[in-house]
Amino acid sequence: MAVWGDVRGSGTPSSARRVRPAAPPAPARPAAQVARPARGPARTTGTTGERIGFHAMWWVGLPRRRAAVAAAVVLSAALSAAPAAAGTGQVPAADPSPTPETHSTLPGDGGDDGIANAVLIELDDRGVLHVQETLTFGGGAPDTFTRTFTVREPYDTAHDRVYEVSAITARDPDGAEVATSTADHGATLDVGITPGDATTVLLEYEVRGAMDTVGSSVELDWDVVAGYSAPVAETTVVVDAGVPPQALSCTAGAPRSSLYCTSSDMGGHQALLARFLQNDMAVGDRLGIVVGYPAGTAPGDPVLDRTWSLTSAFAITPATTAVFGLVLAVLIGGLIALIRIRGRDERALRTQATFGDSAPLTPGGGPGALRFRPPDGVHPGQIGTLIDEQADVVDITATVVDLAVRGHLTIRELPHAGYSAIDWRLDKCPGPVDDELLPYERMLLDALFHSWHQVKLSELGRSDFPTRLSEVRDELYRDMVRLKWFANRPNVERNRWASAGIALTVAGVVLTVVLAVFTQAAFTGLAVVIAGAAVTVGAQYVPAKTRQGSVVFAHTLGFRAYLLGADAEHVPQGHRVHLFSRYLPYAIIFDNVDRWAAILSTAGRDELDEHSLPWYVGPDDWRLEDFTDSITAFTLTLTGVISNTRQFRALD
């Protein structure tokens with residue numbers, strides 16, 4: 001009989017185990033008693049008689065009656081001791097040691113009332129395990145007996161190792177099919193067996209994914225038993241790979257236990273097989289085995305299934321880095337192109353700004369008369385839209401004051417007492433015949449007065465003025481294109497790029513989520529998110545002026561520099577009220593209204609007999625000295641009224 005090695009682990013104490021000295025091998029049983037399904041050509045390690053004889057001893061010849069085994073052991077010992085006694089004429093003395101130094105441990109059989117499981121595993125050259133289990137139910141089979149298999153366990157931070165258990169069948173000794181059921185719990189697979197009247201059940205199945213490459217060898221690593229539904233007195237495992245194993249190990253007991261199994265060896269002096277034994281397995285106990293083989297015995301490729309984790313989903317790999325770098329390069333290229341296009345304004349400023357930095361006056365209207373002529377004939381609303389590329393509340397406010405200065409309406413400050421709110425009334429005027437209104441200016445007058453000739457500032461919010469303002473803004477943008485200062489309407493261009501950026505950002509988020517769930521390339525999706533955010537933020541800088549627009553822009557900033565530094569002395573007396581009034585709407589655009597309102601107030605006191613301006617009339621107790629505060633309050637109030645309209649709450 002094959003000699004067992006050291007008895008270790010969680011089995012019964014050594015004093016309780018039956019031991020016997022080595023005996024000659026038992027005769028091989030007929031092939032029918034060790035029948036296994038044919039799976040290709042037979043392997044030839046060792047002689048056929050030796051391999052069949054050994055399997056017959058281990059697989060079929062497991063002792064079932066302890067009394068018979070004990071008698072055989074005693075008889076074998078007596079026969080081996082008789083020649084020595086005859087030679088000496090003495091009866092040999094009993095060995096005082098109950099366990100010889102080299103011994104064979106007899107596996108427990110569980111008795112008539114226990115359950116035993118004998119597992120035979122054949123490893124083929126494709127790395128597939130062909131498994132036969134002989135389940136013997138001593139004392140009668142339960143209604144249902146459940147075998148639990150490990151089918152998934154963590155492998156590394158990014159993968160689970162999968163053991164594919166398939167082709168599950170069960171039959172009784174007569175070949176009749178035994179009913180089975182399966183229940184997949186993710187990490188484990190329960191196989192329920194309903195033995196009926198059978199006391200022995202042959203369970204067969206195949207396992208893929210149990211092999212792995214370790215160094216220069218391959219390794220079978222699998223939990224043969226991941227749990228029983230009832231206590232099992234004895235579980236034996238024999239692994240046959242067609243080549244001798246190089247190393248083996250086993251663990252048994254509760255999950256995560258590191259205790260060694262009851263016993264293991266390599267099948268006797270020829271070391272052809274890997275054998276394992278575990279006694280007294282409780283419900284839920286496991287038995288895991290590891291057997292090492294030479295490289296080439298079978299493919300050492302485990303079956304891996306990628307698992308999700310934040311780290312693995314956003315793994316930085318050469319591929320993701322390359323994509324991220326490509327997106328970054330495109331962004332940098334777009335930034336360079338945008339800087340180059342936007343730099344057109346800077347280049348124009350260096351060469352054209354001086355043409356606007358001078359008094360915007362030309363002779364006309366008679367001897368000694370001066371006429372206001374802004375650079376390129378731009379109006380206040382146009383300048384504001386050209387500078388910041390938005391038609392905003394300041395542009396509308398400056399246009400209202402400009403229309404008043406040019407004689408198309410009069411601003412009348414209404415009387416008020418103490419700390420009561422100030423209000424103004426706008427009176428519509430025919431306007432000079434030689435002062436042609438631009439389309440957006442005409443639309444603004446229609447929005448203010450509609451079918452009336454007078455309107456209070458406090459009433460604008462309750463009229464249809466807010467609705468008509470959107471048309472004024474659109475016309476201002478169209479004016480920019482008509483004058484060829486922009487190739488496209490700035491608001492449309494900005495909205496188009498902002499929408500594209502938002503869409504790209506949303507697509508990047510969706511792509512990142514999808515890639516994170518199904519791949520390890522979510523880092524690539526982040527690049528798209530960053531690109532979308534960059535486009536969204538950069539959309540406000542996309543509307544670029546044409547070359548002509550950049551030149552006008554440079555002239556306008558030159559005019560701004562002039563207004564910030566000029567004083568009243570550059571205009572002869574007698575012309576100051578008229579010309580400084582024309583300056584005032586531009587000062588509103590350039591945020592210099594207080595200074596020019598004060599200059600205009602001083603000029604009015606010197607040139608006018610009345611305490612009012614041609615276009616601004618105060619109450620009876622009002623004086624020109626109050627003009628600076630009055631016009632400042634008017635512009636702030638009108639700006640507030642416009643800002644509270646729906647069209648200007650969110651600027652394009």
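Model, not experiment: these values are computed from the prediction. One-based numbering along the sequence shown. Note that these values count all heavy atoms, side chains included, but never hydrogens, waters or copies made by symmetry.
- Between Tyr293 and Val239 there is a side-chain heavy-atom pair separated by less than 4.5 Å.
- Between Asp156 and Arg161 there is no salt bridge, since no side-chain N of the basic residue sits under 4.0 Å from a carboxylate O of the acidic one.
- Contact of the Glu153 side chain with the Asp160 side chain is not registered, since no non-hydrogen atoms from C-beta on lie closer than 4.5 Å.
- No donor-acceptor pair under 3.5 Å is formed between the side chain of Asp174 and the backbone N or O of Ala176.
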**Prompt:** Given the rule in the side-chain contact (heavy atoms from CB on, under 4.5 Å) test, do Leu129 and Glu206 qualify, once you have shown the distances and angles that lead to the verdict?
**Reply:** CA-CA 5 Å; Leu129 306 184; Glu206 295 179 352; over 6 Å; no
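- Among all heavy-atom pairs drawn from Met266 and Pro245, the shortest one is SD-O, 3.9 Å.
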**Request:** Please report the C-alpha distance between His159 and Asp305 in whole Å, then the side-chain angles of each, then the deciding distance to 0.1 Å, and finally whether the side-chain hydrogen bond (donor to acceptor under 3.5 Å, both in side chains) criterion is met.
**Result:** CA-CA 5 Å; His159 298 88; Asp305 183 28; over 6 Å; no
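- In terms of heavy atoms, Ala533 sits closest to Thr505 at N-OG1, 3.1 Å.
- Arg286 and Thr251 share a donor-acceptor pair across their side chains, judged by distance under 3.5 Å alone.
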**Request:** For the pair Ser264 and Arg275, evaluate side-chain contact (heavy atoms from CB on, under 4.5 Å) and give the outcome as yes or no after the intermediate values.
**Result:** CA-CA 5 Å; Ser264 66; Arg275 306 190 302 178; over 6 Å; no
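- With hydrogens and angles ignored, the 3.5 Å screen pairs no side-chain donor or acceptor of Asp223 with any backbone N or O of Ala226.
- Checking side-chain atoms of Thr150 against main-chain N and O of Thr188 turns up no donor-acceptor pair under 3.5 Å.
- For Thr320 (side chain) and Thr524 (main-chain N/O), no donor-acceptor pair under 3.5 Å exists by modelled atom type.
- Of all heavy-atom pairs spanning Thr236 and Leu277, the tightest one is CG2-CD1, 3.6 Å.
- The distance from the CG atom of Leu287 to the CZ atom of Phe276 is 8.0 Å, given to the nearest 0.5 Å.
- At a threshold of 4.5 Å between non-hydrogen side-chain atoms, the residues Thr144 and Ser229 do not count as touching.
- Looking at Asp190 and His185, their side chains do bring a donor and an acceptor atom within 3.5 Å of each other.
- For the pair Asn495 (side chain) and Val492 (backbone), a donor-acceptor distance under 3.5 Å is absent.
- At least one donor-acceptor pair under 3.5 Å links the side chain of Thr321 to the backbone N or O of Thr317.
- Within the 4.5 Å cutoff, no side-chain heavy atoms of Arg171 are placed close to those of Thr169.
- Remark: the backbone N or O of Gly532 is paired with a side-chain donor or acceptor of Thr536 at under 3.5 angstrom.
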**Message:** Quick one, Val528 with Thr512, criterion side-chain contact (heavy atoms from CB on, under 4.5 Å). Give me CA distance, side-chain angles, the key distance, then yes/no.
**Reply:** CA-CA 8 Å; Val528 179; Thr512 300; over 6 Å; no
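- The main-chain N or O of Gly196 is never found under 3.5 Å from a side-chain atom of Thr194 such that the two would form a donor-acceptor pair.
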**Message:** With side-chain hydrogen bond (donor to acceptor under 3.5 Å, both in side chains) as the criterion, how do Tyr228 and Thr235 come out once you've worked through the C-alpha distance, each side chain's angles and the decisive distance to 0.1 Å?
**Reply:** CA-CA 11 Å; Tyr228 291 124; Thr235 300; 3.0 Å; yes
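- In plain terms, the two heavy atoms of Asp212 and Tyr155 that are nearest each other are OD2-OH, 3.4 Å.
- A donor-acceptor contact closer than 3.5 angstrom is absent between the side chains of Tyr205 and Gln132.
- Distance CD1/Ile168 to CD/Glu204: 12.0 Å, rounded to 0.5 Å.
- In this structure the side chain of Val224 reaches within 4.5 angstrom of the side chain of Ile121, judged on heavy atoms.
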**Message:** Set out, in order, the CA-CA distance, both residues' side-chain angles and the distance that settles side-chain contact (heavy atoms from CB on, under 4.5 Å) for Leu526 and Phe314, then state yes or no.
**Reply:** CA-CA 9 Å; Leu526 283 182; Phe314 290 88; 3.7 Å; yes
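- For Tyr163 and Phe149, the ring centers are positioned 6.0 Å apart or more.
- Atom CG of Leu326 is separated from atom CG of Leu331 by 10.0 Å, given to the nearest 0.5 angstrom.
- Taking the ring centre of Phe145 as origin, the terminal cationic atom of Arg147 falls outside the region bounded by 6.0 Å and 45° from the ring axis.
- Of the inter-residue distances, the one linking Thr262 atom OG1 with Asn279 atom CG reads 4.5 Å to the nearest 0.5 angstrom.
- Going from atom CD of Glu164 over to atom CG of Leu189 covers 12.0 Å, rounded to the nearest 0.5 Å.
- Using a distance-only test at 3.5 Å, with no hydrogens or angles considered, no donor-acceptor pair links the side chain of Asn491 to the main chain of Arg494.
- Between Ile193 and Leu203, some side-chain heavy-atom pair lies under the 4.5 Å cut-off.
- Between Pro231 and Ile115, the closest heavy-atom pair is O-CD1, 3.7 Å.
- Taking all atoms of both residues into account, the shortest heavy-atom contact from Ala516 to Ala313 is O-CB, 3.6 Å.
- Side-chain contact between Asp301 and Met211 is absent, with no heavy atoms from C-beta onward closer than 4.5 Å.
- Expressed to the nearest 0.5 Å, how far OH of Tyr260 lies from SG of Cys250 amounts to 4.0 Å.
- Residues Val237 and Ile289 meet the side-chain proximity criterion, which asks for heavy atoms closer than 4.5 Å.
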